[in-house]
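One structure is given below, encoded as structure tokens.
Below, all heavy atoms of this structure are taken into account, side chains as well, without hydrogens, waters or symmetry copies. Chain naming here is simple, since letters A, B, ... match the order of the sequence lines and numbering starts at 1 in each. Please read all numbers here as calculations on a predicted model, not as lab measurements.
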Amino acid sequence: MGRKWLRNIVKGVSLTSALFVFQACYGTPQDLGFDFWIEGQVKSKTTGLPIRGIKVSVADGVQYEYTDENGRFGFFTEKVEGVKLQFQDVDSTENRWYQHRDTLLSVAKEQVFLNIELEEKK
Amino acid sequence: MMEALRRYAFRKFKASEQKIHELNYLFWECTTRCNLNCIHCGSDCSRDSSHKDMPVADFLAAVDTIGSRPPGLMVVFTGGEPLLRPDIELCGRELRKRGVKWSIVTNGHLYDARRHVSLLNAGMGALTISLDGLEASHNWMRNDSRSFQKAISAIELAASSSRLNFDVVTCVHQKNISELPRLMTLLVMKQVKAWRLFTIIPIGRAVRHPELSLTGSQFVELMEFIKQQRTSGPIDLKFSCEGYVGSYEPHVRDSRFFCRAGINIGSVLIDGSISACPNIDRSFAQGNIYTDNFYEVWQSRFQPFRSREWTQKGQCADCPAYKDCEGNGFHNWHGDKNNVLVCHLSKINQGAVR
């Protein structure tokens with residue numbers, strides 16, 4: 001225990017953080033980045049029922065996921081100030097047709113749960 | 001004087017880390033199947049491995065034995081080629097639920113845009129892609145005419161993500177050492193921020209290709225290249241922690257040589273064996289997740305890793321650098337273990353004489 005205290009003190013004051021941020025010779029660098037978990041459920045504002053196949057994507061990024069049969073989605077994404085999520089109906093021929101919606105998140109937590117309602121297109 | 005003090009302080013630091021023995025980095029050899037047949041492969045993987053892939057649940061059960069998880073504990077998926085498994089993301093999400101970060105080492109063949117998104121969604125935070133030279137030499141080494149283009153596509157995808165801590169690794173050998181400056185230019189053009197070079201240890205299929213081992217003078221050339229680029233180059237270049245390199249120690253990496261195998265690095269191998277880095281001789285296994293509690297093994301065994309005096313034999317017996325080197329990288333002790341397979345320091349000495 002004493003040694004761990006000492007280690008933490010050295011870690012705190014050391015200007016050579018490389019001592020502790022190592023990588024195995026045939027391994028990867030360490031993950032020093034920050035991300036957070038976004039999950040939620042997408043429902044119809046009209047019927048209250050979950051909507052399958054809605055594309056949930058991070059604006060200005062490459063990440064996306066489609067809602068499952070329960071309208072659920074969930075993924076990790078980079079923790080940056082003001083993450084904009086886009087909800088798009090991309091399979092309008094398969095079920096009803098819903099309007100797109102954007103949601104801006106100010107990220108302060110490790111995980112976020114969203115309840116999203118989409119309006120039907122007339 | 002200052003250098004001697006620094007070396008002394010670093011020895012003390014290593015001794016302390018050996019005693020604390022905190023598990024920070026855990027390899028999972030999740031498959032030994034591979035979609036390539038590289039001539040230098042240290043693990044001798046094949047398209048049709050005799051080992052079945054370990055079920056995710058079995059690996060997670062081993063992880064769950066780790067009581068109070070050290071902060072920053074990370075799992076590295078390795079193989080074989082991890083992306084041959086469709087359930088890497090499933091395992092990754094489960095690890096993140098447990099507060100454990102994860103990453104993969106890949107040859108890039110299956111790393112396309114869809115998989116990139118899928119891995120990021122599952123919380124992958126670091127990645128290493130292998131690129132072993134310019135197109136002809138990379139494809140020669142990888143035994144595949146499309147390998148270079150696929151690796152480059154994967155590198156472009158990885159470099160486009162600000163979330164990933166990503167690097168490229170290159171095995172340096174006699175046929176590609178002259179390409180390093182051009183390869184660096186290519187990587188910089190592809191927005192790669194970090195590049196790691198290592199040499200080939202004669203294990204696995206590499207034993208059959210002596211031309212893959214650098215000569216002493218080539219090894220010195222490699223050290224000089226890294227040293228120079230670290231001073232003024234356009235990329236974060238480093239030599240891997242594979243071995244002790246004497247007077248080059250302060251110049252070729254962020255930290256001095258410290259083989260953390262079995263000290264901070266553990267592994268669960270394809271058959272459930274509990275060991276350190278996967279390229280270490282399998283006879284060093286300390287237990288098996290199918291018969292032992294993984295974390296009890298980590299805490300109570302691993303003596304050959306934590307106490308390296310037994311390596312003071314063969315050419316290490318009377319070596320004046322032993323206190324700093326401690327038998328070089330642990331993966332250099334194979335077979336009868338009577339001598340170190342490669343001594344980087346003697347290569348440097350040979351190269352400097354010429």
Side-chain angles (χ1 to χ4, degrees), chain A residues 1-40 55-58 60-68 72-81 83 85-86 107 110-112, chain B residues 10 13 16-17 19-20 22 24-25 27 42 72 74 76 78 92-93 96-97 101-105 113 116-118 120-128 157 160-167 169 194 196 198 240-243 253-256 258-261 264-265 276-279 329 331:
Chain A
M1 181 57 90
R3 281 187 179 272
K4 283 202 176 181
W5 267 102
L6 184 63
R7 187 189 199 226
N8 288 336
I9 290 168
V10 172
K11 205 186 264 189
V13 300
S14 172
L15 296 176
T16 55
S17 59
L19 287 179
F20 301 98
V21 186
F22 63 89
Q23 68 190 110
C25 35
Y26 301 106
T28 69
Q30 295 207 18
D31 175 7
L32 304 173
F34 296 98
D35 59 10
F36 73 116
W37 172 251
I38 302 175
E39 66 177 319
K55 185 179 184 183
V56 184
S57 53
V58 180
D60 305 321
V62 295
Q63 286 185 258
Y64 63 90
E65 192 171 83
Y66 292 97
T67 55
D68 64 15
R72 306 289 294 238
F73 65 92
F75 55 87
F76 287 94
T77 193
E78 190 174 11
K79 208 171 193 177
V80 291
E81 201 50 50
V83 174
L85 280 190
Q86 297 176 322
V107 183
E110 292 301 306
Q111 52 187 46
V112 172
Chain B
F10 196 70
F13 166 73
S16 170
E17 290 292 281
K19 285 208 168 68
I20 293 171
E22 183 175 87
N24 300 122
Y25 201 98
F27 280 106
M74 186 166 130
V76 180
T78 185
R93 283 177 194 247
R96 291 299 304 270
K97 276 185 196 169
K101 292 191 166 188
W102 63 277
S103 61
I104 61 169
V105 178
H116 176 60
V117 168
S118 164
L120 287 174
N121 285 356
M124 179 177 74
L127 173 69
T128 289
L157 280 169
S160 70
S161 169
S162 55
R163 166 68 186 97
L164 285 177
N165 195 8
F166 152 66
D167 74 357
V169 291
R196 193 160 27 114
F198 57 90
S240 84
C241 65
E242 68 188 55
R253 305 187 194 91
D254 297 340
S255 177
R256 287 159 190 268
F258 180 12
C259 175
R260 293 178 184 259
N264 304 105
I265 301 169
C277 304
N279 56 348
H331 57 275

Tell me the closest heavy-atom pair linking B/Arg196 and A/Pro29, and the distance in Å.
NH2-CD, 4.4 Å

Closest heavy-atom contact between A/Tyr64 and B/Asn121?
O-ND2, 2.8 Å

Please round to the nearest 0.5 Å and tell me the distance separating atom [atom1] of [X] and atom [atom2] of [Y].
X: A/Thr28; Y: B/Tyr25; atom1: OG1; atom2: OH; answer: 4.0 Å
X: A/Gln63; Y: B/His116; atom1: CD; atom2: NE2; answer: 7.5 Å
X: B/Cys259; Y: A/Phe22; atom1: SG; atom2: CZ; answer: 10.5 Å
X: B/Ser240; Y: A/Gln23; atom1: OG; atom2: CD; answer: 8.5 Å
X: B/Leu164; Y: A/Glu78; atom1: CG; atom2: CD; answer: 9.0 Å

Is any NZ, NE, NH1 or NH2 atom of the basic residue among B/Arg93 and A/Glu65 found under 4.0 Å from an Asp or Glu carboxylate oxygen of the other?
yes

Need one label for [X]: side chain, backbone, both or neither, based on atoms under 4.5 Å from any heavy atom in chain A.
X: B/Ile104; result: backbone
X: B/Ser160; result: neither
X: B/Ile265; result: side chain

May I ask you to test the B/Val105-A/Tyr26 pair for a side-chain heavy-atom distance under 4.5 Å?
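A side-chain contact under 4.5 Å is absent here.
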
Is the shortest heavy-atom distance from the side chain of B/Arg96 to the side chain of A/Trp37 under 4.5 Å?
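Side-chain contact under 4.5 Å: no.
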
Holding to side-chain hydrogen bond (donor to acceptor under 3.5 Å, both in side chains), I want the full list of residues that pass it with B/Arg253, two or more places apart in sequence or in another chain.
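Testing B/Arg253 for side-chain hydrogen bond (donor to acceptor under 3.5 Å, both in side chains), a comparison that skips the adjacent residues, returns B/Glu249.
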
Distance-only, no hydrogens or angles: does the A/Asp31 side chain make a donor-acceptor pair with backbone N or O of B/Asn165 under 3.5 Å?
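Not at all, since once roles are kept as given, no pair shorter than 3.5 Å links the two residues.
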
A/Gly33 backbone acceptor or donor facing B/Lys101 side chain under 3.5 Å:
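Such a contact is found between B/Lys101 side chain and A/Gly33 backbone.
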
Looking only at heavy atoms and a cut-off of under 4.5 Å, which of B/Ser162, B/Ser118, B/Gly72, B/Ser103 has the most pairs with chain A?
B/Ser162

Only pairs of heavy atoms separated by less than 4.5 Å count here; which of B/Thr128, B/Val169, B/Leu127, B/Leu157 has the most with chain A?
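Answer, by heavy-atom pair count under 4.5 Å with chain A: B/Thr128.
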
Results of salt bridge (Lys or Arg N to Asp or Glu O under 4.0 Å) for B/Lys97 - residues two or more places apart only
B/Glu94

